[in-house]
Amino acid sequence: HFGTQAVPMGWGAAAQLLQGPAPLLPTAAGAYGCHRKKLRILLLHGALAALLPTVSDGGKPDCWAHSEDKCLHQSGCRWFSYSRYGERSCPLCEAVFGKQDGVTGCRDWDPAAFCNDIIFKPALERYGGHASEAAFRQAVQMYEASQGSGEVGNPHNKRASCDVWCDYSWPYSCLGQPRTHQEVRGVNYGGRFVPENYLGTPGLDKLFAGILFPKQVGSVVVKDPSLCDVGEASDAMERMTRFLDTNIRQEHFEHMGHLGFNVLRLPVGYWNFAALPGSSAPNGADGSRWRKLQLIMPPLQYAPWVEKVFRWAKLANMSVLLDLHGAPGGQTDNTFTGCDQGRGNFFFDTKWNMKIAVQAVEEMAKVCGMHRESCYGIELLNEPHGEIPRDHLIEGYYLSAIAAARRHLSKDTPLVIMDWTSKLGWWLERRPFSYDEHGRILFSTHLYHMGPEITDQNEARRRFRHEISLINKFHMESIYDVLVTEYAVSGHGPGNPNVDLFDYNSLANWYVHQFNQRGMGSMVWNFDASPSVPSWGPVEQAGRLGSTPARMTWKKIFSGMPLKDDRSQGADAPGAGGQENKRPWGQVVPIDRGSLRRCRVAPLACWLQDHSSFVAATACVFSMTSAAAAVLVAFRGQVFRGHHCNEDDEHGLMGQGH
């Protein structure tokens, strides 16, 4: 069996049947150059592959297909390809990998290992220059990896190109990694429709001036006033109007667009879209406080600011993800729900509250539908509390919300389900949504460091490796795409440039390129914050966060350029395209095929394929069993069980003792 890592079942018993006398093959075979011992091994593998059921070693899939479409319909298989852009060629690619057969096709490879171990390392060794140079980066970007959705009829495959990432921290090393084609380079525009005190957004003092709030709900302490308490003021509408005018400004969008952000996540509350009848209010610890949210101003009164967000985002070449940040009754015990009810108090999981939320989502979908060119999609619920049963959320809310949204949105407009990394495994197994019935469903998650400050760069990264591994597992094994809709660079110091030496820029560079290789990208929290907490607003505060060498360089991070790019060449540097190539690449050097996990018999298959005529091969085959003959005829002149062979294989592999 010539499949990668594949081992036939019943190997021992079948091998005993073939341990007969040495003259298992007719001596006439020698006249055709068929080596007895090698063909005996070949027959053993080929016959067993044809006649016996197979399993993959360690549960690995047996990937074998000659087209991308067929490959992507096989579970666990990915299609690896080499793309020549128009008339431009890649001399480096051809010098290192020849005809590309050994690094393309249907495989079970991990895209990260493919881009770094199979493409980047051999190419860099041959290149002779620095990995950050534009010519080298463009060569690496010629290689792509695609993974199927796993659903019949779902056109949204996971596609990525290899790229070069360079660390912004010493020793400034570079490596190859996949980078998604549909990358979200996002930013949260939080603290507007759902004010949050810790952000220190301009005008918060006037919004909450003189506002009273209950210091205790039942036996639970409430620390700060919430937006619901503003509804008590007689001038609540004027306060909110002034606050939104202060904080939703066109120059914000121009700044974000200039830095390279392409998606803006807009946190909103249900009260911005859903109008409740009469004196009704959501279920909660204190229904009167929730009722006050609706007294600030009617949903239609918020429309002008929502329209401004969409209009200015479009002008800045950005799209908008509407996020239901505050749900009726509170989906968790936090002030961003619109009404802080104290620790442990959340009441979203009632039929009435979920019904209100569905109404809000449908109104959000109408707005999204009117701005379909600049609306990315809708995130259906922000950070639901871990104690709410997910099955209850599916049956009571998500299915109804999806159905309501699809009445106004196309099947391909993303609807996003947010959950914590610890819950992703549950969703991976459950798979409650299908493209055919629910349209395109994405998953999102959030990553935050909320403990004591970490001032060491390596430790700051290490703390998230487990969570990132959970995201990666979901990305690799799930039928859904995943993205990070909130992460922060906070928790590593005061951010003051005079005293804080932590390299926030390097951490952000690491975050962005961890997420764009293990999903669809990410969205930083938040666009802005008070100068007293600059790490919570690393976009607007980019030039004032941390020490001078570590100031945020978002544009460079998104471009993939190294921190110090004085060695980088232009886009049309020699070697990148069809211009003269002056690097001494010389003859083609075979790469280490061991890194490609080829089975041990594959070199023999390549040798037989390349050095036997069709007549000689047929003569050998006729001396075999009918089953083995069918196998060899079927595979003659092509790849054995998906293994691609090229002219380098004989010289590079026949001497390895297999």
Student: Carefully, step by step, assess Ser506 and Gln457 under the rule side-chain contact (heavy atoms from CB on, under 4.5 Å).
Tutor: CA-CA 8 Å; Ser506 181; Gln457 183 74 210; 3.7 Å; yes
Student: Applying side-chain contact (heavy atoms from CB on, under 4.5 Å), can you list everything that pairs with Ala131, at least two apart in sequence or on another chain?
Tutor: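 If we apply the side-chain contact (heavy atoms from CB on, under 4.5 Å) test to Ala131, skipping adjacent residues, the hits are Phe120, Leu124, Phe136, Val164, Cys174.
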Student: Can you list every salt bridge (charged side-chain N to carboxylate O under 4.0 Å, His left out) pair that touches residues 162-178, not counting sequence neighbours?
Tutor: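 For residues 162-178: Asp163-Arg179, Asp167-Arg461.
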Student: Which residue is it: Ile417, Leu470, Thr485, Val484? I am looking for the one with a side chain to side chain contact (heavy atoms under 4.5 Å, CB included) to Thr445.
Tutor: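 That would be Val484; it is the only one of Ile417, Leu470, Thr485, Val484 passing the side chain to side chain contact (heavy atoms under 4.5 Å, CB included) with Thr445.
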Student: Nearest heavy-atom pair of Pro538 and Val489: which atoms, and what distance?
Tutor: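 Between these two residues, the closest heavy atoms are CB-CG2, 3.9 Å.
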Student: Take Gln514 and Asn472 through the test side-chain contact (heavy atoms from CB on, under 4.5 Å) and record every step on the way to the result.
Tutor: CA-CA 9 Å; Gln514 287 294 308; Asn472 187 61; over 6 Å; no
Student: With Arg311, which residues qualify under salt bridge (Lys or Arg N to Asp or Glu O under 4.0 Å), at least two apart?
Tutor: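 Partners of Arg311 under the salt bridge (Lys or Arg N to Asp or Glu O under 4.0 Å) test: none.
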Student: Which of parallel (below 30°), tilted (30 to 60°) and perpendicular (above 60°) describes Phe443 and Tyr480?
Tutor: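 Aromatic pair Phe443/Tyr480 classed tilted.
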Student: Judged by atom type as modelled, is there a donor-acceptor pair below 3.5 Å linking the side chain of Arg551 to the main-chain atoms of Gly546?
Tutor: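 Between the backbone of Gly546 and the side chain of Arg551 there is a qualifying donor-acceptor contact (under 3.5 Å).
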Student: Which heavy atom in Leu264 sits nearest to a heavy atom in Phe253, and how many Å separate them?
Tutor: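 Reported closest heavy-atom pair: CD1-CE2, 3.6 Å.
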Student: Sequence neighbours excluded, which residues qualify as side chain to side chain donor-acceptor pair (under 3.5 Å) partners of His181?
Tutor: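 Side chain to side chain donor-acceptor pair (under 3.5 Å) check on His181 returns Ser161.
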Student: May I have all residue pairs that pass salt bridge (charged side-chain N to carboxylate O under 4.0 Å, His left out) and include part of residues 251-264, sequence neighbours excluded?
Tutor: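 Qualifying pairs, neighbours excluded: Arg249-Glu251.
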Student: Mind checking side chain to side chain donor-acceptor pair (under 3.5 Å) for Tyr435 and listing every partner two or more places apart, or none if nothing turns up?
Tutor: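 Only Asp412 meet the side chain to side chain donor-acceptor pair (under 3.5 Å) criterion with Tyr435.
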Student: Could you report the tightest heavy-atom contact between Phe558 and Leu259, atom names first, then the distance?
Tutor: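 The pair with the smallest heavy-atom distance is CD1-O, 3.5 Å.
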Student: Has Lys158 got a side-chain atom pairing as donor or acceptor with His475's backbone, closer than 3.5 angstrom?
Tutor: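 Indeed, once roles are kept as given, a pair shorter than 3.5 Å links the two residues.
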Student: Looking at every non-hydrogen atom in both residues, tell me the closest pair between Pro267 and Trp525 and how far apart they are.
Tutor: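 Looks like CG-CZ3, 4.0 Å.
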Student: Quick check: does any side chain N or O of Asn116 sit under 3.5 Å from a backbone N or O of Gly176, one acting as donor and the other as acceptor?
Tutor: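 At least one qualifying donor-acceptor pair exists.
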Student: Would you say the side chain of Ser522 lies within less than 4.5 Å of the side chain of Val184, judging by non-hydrogen atoms?
Tutor: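 No, too far: nothing below the 4.5 Å cut-off.
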Student: Applying ring-ring contact (aromatic ring centres under 6.0 Å, His included) to Tyr511 and Phe515, what does each step give before you reach the verdict?
Tutor: CA-CA 6 Å; Tyr511 273 141; Phe515 300 145; 5.8 Å; yes
Student: Could you tell me how the ring of Tyr189 sits relative to the ring of His252: parallel (under 30°), tilted (30 to 60°) or perpendicular (over 60°)?
Tutor: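 Tyr189 vs His252 ring planes: perpendicular.
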Student: Could you go through Arg265 and Val187, starting from their C-alpha distance and side-chain angles, then the distance that decides it, and tell me whether this counts as side-chain contact (heavy atoms from CB on, under 4.5 Å)?
Tutor: CA-CA 6 Å; Arg265 180 172 178 256; Val187 55; over 6 Å; no
Student: Any donor-acceptor pair under 3.5 Å linking the side chain of Asn262 with the backbone of Glu183?
Tutor: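 Flag set: sc Asn262 to bb Glu183 pair under 3.5 Å.
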Student: Taking the side chain as every heavy atom from C-beta outward, state whether Phe502 and Leu507 have any pair of such atoms under 4.5 Å apart.
Tutor: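 In short, these two side chains touch, coming nearer than 4.5 Å.
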Student: Could you grab the distance from atom CH2 of Trp79 to atom CD of Gln74, nearest 0.5 Å is fine?
Tutor: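 The CD atom of Gln74 is 10.5 Å from CH2 of Trp79, to the nearest 0.5 Å.
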Student: Indicate yes or no for a side-chain donor-acceptor contact from Arg185 to the backbone of Gly260 under 3.5 Å, with no hydrogens or angles considered.
Tutor: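 At least one qualifying donor-acceptor pair exists.
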Student: For Thr413, check side-chain contact (heavy atoms from CB on, under 4.5 Å) against everything at least two apart and list the hits.
Tutor: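 side-chain contact (heavy atoms from CB on, under 4.5 Å) list for Thr413, sorted by chain: Cys368, Arg406, Leu409, Ser410.
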Student: List the steps and the verdict of disulfide (SG to SG under 2.5 Å) for Cys71 and Cys63.
Tutor: CA-CA 7 Å; Cys71 178; Cys63 298; 5.9 Å; no
Student: Ignoring hydrogens, what is the shortest heavy-atom contact between Cys93 and Gln100? Give both atom names and the distance.
Tutor: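 What the structure gives for the nearest pair is O-NE2, 3.2 Å.
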Student: Is the Tyr82 ring parallel, tilted or perpendicular to the Tyr143 ring (thresholds 30°, 60°)?
Tutor: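 Answer is tilted, since the angle falls between 30° and 60°.
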Student: Can you name the closest pair of heavy atoms from Met523 and Val263 and give their distance?
Tutor: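 Answer, listing the atom of Met523 first, then Val263: CE-CG1, 3.6 Å.
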Student: Rounded at 0.5 Å granularity, tell me how far CG in Asn526 sits from CD in Glu486.
Tutor: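 Reported to 0.5 Å precision, the distance equals 8.5 Å.
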Student: With Glu477, which residues qualify under salt bridge (Lys or Arg N to Asp or Glu O under 4.0 Å), at least two apart?
Tutor: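 Listed in chain order: Lys473.
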Student: Around atom CD of Glu459, are there more than 12 heavy atoms of other residues, nucleotides or ligands at under 6.0 Å?
Tutor: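 Counting neighbours around CD of Glu459, more than 12 heavy atoms of other residues, nucleotides or ligands fall under 6.0 Å, so yes.
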Student: When you measure from the side chain of His492 to the backbone N and O of Thr455, does any donor-acceptor pair fall under 3.5 Å?
Tutor: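 Not confirmed, His492 side chain does not pair with Thr455 backbone.
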Student: Look at the side chain of Gln177 and the backbone N and O of His513, then say whether any donor-acceptor pair between them is shorter than 3.5 Å.
Tutor: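 Side chain of Gln177 to backbone of His513, a donor-acceptor pair under 3.5 Å: yes, one is there.
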Student: Report the C-alpha separation of Thr180 and Gln517 in whole Å, then their side-chain angles, then the decisive distance to 0.1 Å, and conclude whether the side chain to side chain donor-acceptor pair (under 3.5 Å) test is met.
Tutor: CA-CA 6 Å; Thr180 178; Gln517 67 173 305; over 6 Å; no
Student: So, are Glu94 and Lys99 salt-bridged, with charged N and O less than 4.0 Å apart?
Tutor: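 Salt bridge between Glu94 and Lys99, a charged N being under 4.0 Å from a carboxylate O: no.
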Student: Name all residues meeting the salt bridge (Lys or Arg N to Asp or Glu O under 4.0 Å) criterion together with Glu68; count only those two or more places apart in sequence or in a different chain, and write none if there are none.
Tutor: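 Once residues adjacent in sequence are excluded, the partners of Glu68 under the salt bridge (Lys or Arg N to Asp or Glu O under 4.0 Å) criterion are Arg159.
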Student: Would you find a donor on one side and an acceptor on the other, under 3.5 Å apart, between the side chain of Asn188 and the backbone of Gly190?
Tutor: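 Here the side-chain-to-backbone pair does not exist.
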Student: For residues 525-543, which residue pairs pass the salt bridge (charged side-chain N to carboxylate O under 4.0 Å, His left out) check, not counting sequence neighbours?
Tutor: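 Pairs touching residues 525-543 that pass the test: Arg192-Asp528, Glu540-Arg544.
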Student: Do Asp481 and Arg440 meet the salt-bridge criterion of a basic N to acidic O distance under 4.0 Å?
Tutor: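 Salt bridge: yes.
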Student: Go through the structure and list residues passing side chain to side chain donor-acceptor pair (under 3.5 Å) with Asp500, not counting sequence neighbours.
Tutor: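 In terms of side chain to side chain donor-acceptor pair (under 3.5 Å), with neighbours along the sequence ignored, Asp500 is linked to Tyr504.
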Student: Who pairs with Ser67 by side-chain contact (heavy atoms from CB on, under 4.5 Å), at least two apart in sequence or on another chain?
Tutor: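 Ser67 satisfies side-chain contact (heavy atoms from CB on, under 4.5 Å) with Asp69, Lys70 only.
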Student: Could you walk me through whether Asn505 and Leu563 satisfy the side-chain contact (heavy atoms from CB on, under 4.5 Å) test, starting with their C-alpha distance in whole Å, then the side-chain angles of each, then the deciding distance to 0.1 Å, before giving a yes or no?
Tutor: CA-CA 10 Å; Asn505 193 47; Leu563 185 62; 3.9 Å; yes
Student: Would you say the side-chain atoms of His258 pair up with the backbone N or O of Phe261, donor to acceptor, closer than 3.5 Å?
Tutor: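 No; zero donor-acceptor contacts below 3.5 Å.
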Student: Hey, what do you get for Cys162 versus Cys115: SG atoms under 2.5 Å apart or not?
Tutor: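 Cys162 pairs with Cys115 as a disulfide (SG atoms under 2.5 Å apart), so yes.
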Student: Calculate, to the nearest 0.5 Å, the distance between atoms CD1 and OG belonging to Ile471 and Ser469 respectively.
Tutor: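 One finds 8.5 Å between CD1 of Ile471 and OG of Ser469.
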Student: So how far is it from Tyr376 OH to Leu442 CG, rounded to the nearest 0.5 Å?
Tutor: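 Between Tyr376 OH and Leu442 CG, I get 5.5 Å after rounding to 0.5 Å.
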